[in-house]
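A quick write-up on the structure given underneath.
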Amino acid sequence: ARDIAKPQTFAILDLIKRSTGLPVKELAKAMKMSYMGVKQHCTELEKKGFLDTWRRPGEVGRPEKLYRLTEKAAACSGFFHVRSPSPDRW
């Protein structure tokens with residue numbers, strides 16, 4: 001749990017657990033933080049095994065990269081609930 005002791009980290013995990021995955025842009029808007037600030041937190045969480053990514057195809061352009069919780073994040077605390085949607089649902 002010490003790996004995720006920062007308030008911003010808890011906020012990111014909380015927002016993501018309430019969704020099927022979120023892009024950095026939406027996290028930054030919800031947290032009123034810079035895109036790069038949130039991106040750095042997400043990258044750290046991914047390196048530590050609390051987040052993983054998947055790409056959601058859009059109508060045009062490149063697929064959108066979304067972050068979602070891993071099983072490790074769920075095991076860290078009963079507070080988190082992991083949803084593992086199939087990308088095919090989008």
Side-chain angles (χ1 to χ4, degrees):
R2 289 192 122 167
D3 287 342
I4 57 172
K6 297 177 184 173
Q8 298 91 341
T9 301
F10 282 118
I12 288 169
L13 294 173
D14 185 51
L15 287 166
I16 293 173
K17 83 169 178 86
R18 297 169 189 266
S19 71
T20 56
L22 289 171
V24 172
K25 183 178 177 180
E26 288 182 35
L27 287 166
K29 184 177 178 182
M31 295 177 65
K32 297 181 177 144
M33 286 180 62
S34 71
Y35 178 94
M36 287 309 296
V38 172
K39 176 77 173 158
Q40 288 174 345
H41 285 291
C42 288
T43 300
E44 275 302 307
L45 286 167
E46 186 175 19
K47 285 179 187 175
K48 293 176 180 177
F50 293 101
L51 294 179
D52 70 3
T53 60
W54 59 286
R55 298 202 181 266
R56 176 174 61 190
E59 292 182 23
V60 293
R62 72 174 72 168
E64 185 175 38
K65 182 177 179 180
L66 291 100
Y67 285 93
R68 62 185 175 187
L69 298 182
T70 63
E71 292 295 329
K72 181 178 179 179
C76 184
S77 171
F79 178 70
F80 298 108
H81 173 71
V82 175
R83 295 181 188 177
S84 298
S86 166
D88 300 2
R89 287 185 43 201
W90 297 93

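Worth saying up front: this structure is predicted, and the values here are computed from it rather than measured.
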Exercise. Have K39 and Y67 got a donor and an acceptor in their side chains that come within less than 3.5 Å?
Worked result: yes
Exercise. Backbone N or O of K48 within a donor-acceptor pair of the K72 side chain at under 3.5 Å?
Worked result: yes
Problem set entry | Exam field: side chain T70 to backbone F50, donor-acceptor pair closer than 3.5 Å | yes
Problem set entry | T43 and L51: CA distance, side-chain angles, deciding distance, side chain to side chain contact (heavy atoms under 4.5 Å, CB included) verdict | CA-CA 8 Å; T43 300; L51 294 179; over 6 Å; no
For this session: Mind checking the OG1-CD spacing from T9 to E44? Nearest 0.5 Å is all I need.
Result: 9.0 Å
Exercise. Can you tell me how far CE of M31 sits from CD1 of I12, rounded to the nearest 0.5 angstrom?
Worked result: 4.5 Å
Exercise. Got a second to check how far H41's NE2 is from L27's CG, nearest 0.5 Å?
Worked result: 11.0 Å
Seminar exercise, completed: Rounded to the nearest 0.5 Å, the CG atom of L45 sits from the CD atom of Q8 at a distance of 10.5 Å
Exercise. In Å and rounded to the nearest 0.5 Å, what is the CG to CD distance from D52 to E46?
Worked result: 7.0 Å
Problem set entry | Heavy-atom closest contact (V38 atom, A28 atom, distance) | CG2-CA, 3.6 Å
Seminar exercise, completed: All heavy atoms of P63 vs all of R55, minimum pair found to be CB-CB, 3.7 Å
Exercise. Which value, rounded to the nearest 0.5 Å, describes the distance between L22 atom CG and R56 atom CZ?
Worked result: 8.5 Å
Seminar exercise, completed: Nearest heavy-atom approach of L66 to G21 is CD2-O, 3.2 Å
